[in-house]
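Note that these values count all heavy atoms, side chains included, but never hydrogens, waters or copies made by symmetry. Owing to the predicted nature of the structure, the values given are computational and were not obtained by experimental measurement.
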Amino acid sequence: MDRVILHSDLNNFYASVECMENPELKNRPVAVCGNPQNRHGIILAKNILAKEKGVKTGNTLWEAQQKCPDIIFIPPRFDKYIEISKAVRKIYYDYTNLIEPFGIDECWLDVTKSIPLFPSGKYIAEKICQRVKKEIGVTVSIGVSFNKIFAKLGSDMKKPDAITVIDKNNFKSTIWQLPISELLYAGRATTKKLAKLNIFTIGDMAKADPVIISQHLGKNGVMLQLYAQGRDESPVKNIDHSREIKSIGNGTTMPFDVINYDDIKIVLILLSESVSKRLREKNLYCSTVQLSIKYNTLESIDRQAPLSIASNSAGIIFKKALEILNNGEIHHPIRALSVRACNLVNETTFQESLLNHYKIMETNQKLDNMSDQLRKEFGWSSIQKGIMLVNKKLSHLNPADDNTLQKIAFFKG
C-alpha cells in the first residue's frame, strides 16, 4: 500500500492572523514586517491584496511602498502566531499523530494508517481545510501525495485555500514540466549548476544521466534526482520526535553600521550571553565558537575556532568570539553579527572531560547562574558589564527578546 502524505501550509500566515484579529484590515493590503528603526524592516508576510500589487516576502519597506502606496505595515506578534499554530495542530491530531512541523506555518502529516477510517487522503485534506477555516479563521493549502517532497510541491502549486493531489498516475504530467527550482532543496546555486547541464525542469532532472548528476553535484544531486523521480522514502517524524541539536546561535542586525571596537564588543557580549543562556537551558556545552560578520557591503564571512575545553560560559564564548575577530581584519563597517556554538556535547560527556579544568569551569558557572537569577528577578538589564555604558542604544538590544535577536538552532538529521 502506498503511503498517503499531506503537506499543510497556512496561507500568508502572519498577515492572515492579523487580518483575522482585526476585521478592518481584511479589505486592505497588509504586510507584517520587522522593526525599521532596528533595520529589520523587511516584509515577513503579506496578504493577498498586497501580493496582487507585487509585494514579496523579503522586500524592504521602501520597495513595498513603491509597489503598493496604501499598504499597511504591522509589527509581528510571534506569541500569537505560535498560539494559532498550536491550535491548528490540534486539528491535525484528530487524523494522525505522525505530524512533522516544517516551520511555524507548515506541517507534513502521514495519514496512511487513517485511511481505513476515511475514504481517502483528499477527503482528510478537505476536512482539515474546512475545520481550520471554521474553527480557527485562517485558510490552508494542502498537497496530497505518496511522499513528502511531492506533498510539499502540491501545497505550493495552488494557493490560497486549495488542495492538490499528486499521485503515481499523474505526477509526471503534473509536475515534470515545472522549473527545477520548484523542487524542495533545489536552491539557487544548484539550479545554476543544473542550467549549465541543460537541466531546467523537474522532468529534465528525473531523466538525466545519474552519473553526470553525481559528478557535478555529488550526493545532493543524487538525492534531488531521486526526488524528481518520486523516490522519496523519508518518513514523517512524530511531532514529539526529539532531534539532536547540532549548534545554537544568535545573530542581530545593528540599528546602525558599527566600526568602533567597543561597539562591536558590546554586541558580541550580548550575543554570547544569549547563546550561553540557551546552552545552559539544554545542559549543552560547545567545543567550537563560530563568528559570522556581514559588512555594510552585504559581504559575509564566517570564521571559527576551537575551545581548549567544552564550555557554555558566556565569558568564555565571548573571549573566543573576540579572539576570532582580532585574528582577522575588519574591511568595512559591520551591519550584522552572529555568534554560534558548534560541536556540542551533553552534560555527561562534559563532566568526563573536566579533569584539572574543574575549578575554572565552576567559577564561570557560578557567575552565569548568579546572572541568571538576578535577571530572572529584576529583568535582563539589571546586570550589565561596564562597557555597556559606552553605547546605550546597542546595549538595549535584549537577547531575551525574539524581535531584536534572531535565534538559530541547527539540528542533526
**Q** Does Asp167 offer a backbone N or O that forms a donor-acceptor pair with the side chain of Asn170 under 3.5 Å?
**A** yes
**Q** Treating Ser292 as the side-chain partner and Ser338 as the backbone partner, does any N or O pair qualify as donor plus acceptor under 3.5 Å?
**A**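 Here the side-chain-to-backbone pair does not exist.
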**Q** Can you name the closest pair of heavy atoms from Thr139 and Pro160 and give their distance?
**A** OG1-CB, 4.2 Å
**Q** Ile330 versus Ile264: any side-chain heavy-atom pair under 4.5 Å?
**A** yes
**Q** Please name the pair of heavy atoms, one in Gly230 and one in Asn147, separated by the smallest distance, quoted to 0.1 Å.
**A**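 Gly230 and Asn147 have their closest heavy atoms at O-ND2, 3.4 Å.
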**Q** Identify the heavy atoms of Met254 and Val258 that sit nearest to each other, and give their distance.
**A** CE-CG2, 3.5 Å
**Q** With distance as the sole test, does Ser145 use its side chain to make a donor-acceptor pair with the main-chain N or O of Ile166 at under 3.5 Å?
**A** yes
**Q** If you measure from CD1 on Ile269 to CD1 on Ile317, what distance do you get to the nearest 0.5 Å?
**A** 13.0 Å
**Q** Pairs under 3.5 angstrom only: tabulate donor-acceptor contacts from the side chains of residues 21-30 to other protein residues two or more places apart or in another chain.
**A**
{"from": "Glu21", "atom 1": "OE1", "to": "Arg77", "atom 2": "NH2", "distance (Å)": "3.4"}
{"from": "Glu21", "atom 1": "OE2", "to": "Lys80", "atom 2": "NZ", "distance (Å)": "3.3"}
{"from": "Asn22", "atom 1": "OD1", "to": "Glu24", "atom 2": "N", "distance (Å)": "3.2"}

**Q** Quick one, Phe318 and Glu273 - any side-chain contact, counting heavy atoms below 4.5 Å?
**A**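 The answer is no, as the side chains (C-beta and beyond) never meet within the 4.5 Å cut-off.
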**Q** Is there a side-chain contact between Ile293 and Leu325 in this structure, where contact means two heavy atoms from C-beta onward sitting under 4.5 Å apart?
**A**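 Side-chain contact under 4.5 Å: yes.
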**Q** Please give me the minimum heavy-atom distance between Ala228 and Phe171, naming the atom from each residue.
**A** O-CE1, 4.2 Å
**Q** Would you check, one step at a time, whether the test side-chain contact (heavy atoms from CB on, under 4.5 Å) holds for Thr96 with Leu6?
**A** CA-CA 11 Å; Thr96 180; Leu6 311 185; over 6 Å; no
**Q** Side-chain contact test, heavy atoms from C-beta onward, threshold under 4.5 Å: evaluate it for Leu61 versus Ile43 and give yes or no.
**A**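 Answer yes - side chains close enough.
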**Q** Show the numbers, then the answer: is there a side chain to side chain donor-acceptor pair (under 3.5 Å) between Ser287 and Asn343?
**A** CA-CA 5 Å; Ser287 301; Asn343 296 329; 5.9 Å; no
**Q** Quick one: CD1 on Ile104 to OH on Tyr81, what's the gap to the nearest 0.5 Å?
**A** 9.0 Å
**Q** If you apply the rule side-chain contact (heavy atoms from CB on, under 4.5 Å), what do you find for Val289 with Leu307, and how did you get there?
**A** CA-CA 7 Å; Val289 173; Leu307 296 173; 4.2 Å; yes
**Q** Mind checking whether Ile99 and Tyr93 have side chains closer than 4.5 Å, heavy atoms only?
**A**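 In contact.
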**Q** Heavy atoms only: give me the nearest Ser214-Val222 pair and the separation to one decimal.
**A** CB-CG2, 3.9 Å
**Q** May I ask you to say whether Glu281 pairs ionically with Lys277, meaning some side-chain N is under 4.0 Å from a carboxylate O?
**A** yes
**Q** Answer yes or no: does atom NZ of Lys294 have more than 12 heavy-atom neighbours from other residues, nucleotides or ligands under 6.0 Å?
**A**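 Incorrect, the count does not exceed 12.
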**Q** How long is the gap from CD1 on Ile48 to NZ on Lys53, to the nearest 0.5 Å?
**A** 13.5 Å
**Q** Using a 3.5 Å distance criterion without hydrogens, assess whether the side chain of Asn220 forms a donor-acceptor pair with backbone atoms of Leu217.
**A**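 Between the backbone of Leu217 and the side chain of Asn220 there is no qualifying donor-acceptor contact (under 3.5 Å).
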**Q** Taking the basic N atoms (NZ, or NE/NH1/NH2) and the acidic carboxylate oxygens, is any pair closer than 4.0 Å for Glu106 and Lys152?
**A** yes
**Q** Could Lys127 and Asp94 be called an ion pair, given the rule that one side-chain N must be under 4.0 Å from one carboxylate O?
**A** no
**Q** Between Lys67 (side chain) and Gly54 (backbone), is there a donor-acceptor pair under 3.5 Å?
**A** yes
**Q** Checking side-chain contact (heavy atoms from CB on, under 4.5 Å) for the pair Thr57/Leu44: CA distance, chi angles, key distance, verdict?
**A** CA-CA 5 Å; Thr57 301; Leu44 303 175; 5.7 Å; no
**Q** How many angstroms lie between CG in Asn327 and CD1 in Ile324, if you round to the nearest 0.5 Å?
**A**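 That separation rounds to 8.0 Å.
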**Q** Using the ring of each side chain (for Trp, its six-membered ring), is Trp108 parallel, tilted or perpendicular to His7, with breaks at 30° and 60°?
**A** perpendicular
**Q** Would you tell me whether Ser276 and Arg280 have side-chain atoms, one donor and one acceptor, within less than 3.5 Å of each other?
**A** yes
**Q** Only counting residues at least two apart or in another chain, list the ones meeting ring-ring contact (aromatic ring centres under 6.0 Å, His included) with Tyr95.
**A**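 If we apply the ring-ring contact (aromatic ring centres under 6.0 Å, His included) test to Tyr95, skipping adjacent residues, the hits are Phe118.
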**Q** Counting distance only, does the side-chain N/O of Ser16 pair as donor-acceptor with the main-chain N or O of Asn12 below 3.5 Å?
**A** yes
**Q** Is the closest basic N to carboxylate O distance between Asp302 and Arg340 below 4.0 Å?
**A** no
**Q** What heavy-atom pair brings Ile175 and Phe150 nearest, and what distance separates the two atoms?
**A**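 That closest heavy-atom pairing would be CD1-CE2, 3.3 Å.
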**Q** Return the orientation label for the Tyr14 and Phe78 ring planes: parallel under 30°, perpendicular over 60°, tilted otherwise.
**A** perpendicular
**Q** Out of curiosity, Asn312 CG to Cys286 SG, how far, rounded to the nearest 0.5 Å?
**A** 7.5 Å
**Q** Dump the intermediate steps for side-chain contact (heavy atoms from CB on, under 4.5 Å) on Met157 and Leu178, then the final yes or no.
**A** CA-CA 10 Å; Met157 288 180 69; Leu178 296 176; 4.3 Å; yes
**Q** Quick one: does Ile84's side chain get under 4.5 Å of Phe13's, heavy atoms only?
**A** yes
**Q** Would you find a donor on one side and an acceptor on the other, under 3.5 Å apart, between the side chain of Ser141 and the backbone of Asp9?
**A** no
**Q** Please check if the side chain of Thr201 supplies one atom and the backbone of Pro179 the other of a donor-acceptor pair under 3.5 Å.
**A** no
**Q** So, Asp232 side chain and Ile149 main chain: donor-acceptor pair closer than 3.5 Å or not?
**A**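 Here the side-chain-to-backbone pair exists.
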**Q** Is the closest side-chain heavy-atom distance between Val144 and Ile163 below 4.5 Å?
**A** yes
**Q** Distance check, rounded to the nearest 0.5 Å: Ser247 atom OG versus Gln290 atom CD?
**A**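 Result: 7.5 Å between the selected atoms.
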**Q** Okay, side chain of Arg278, backbone of Gly249: is any donor-acceptor separation there less than 3.5 Å?
**A** yes
**Q** How about Glu52 and Leu49: do any of their side-chain heavy atoms sit closer than 4.5 Å?
**A** yes
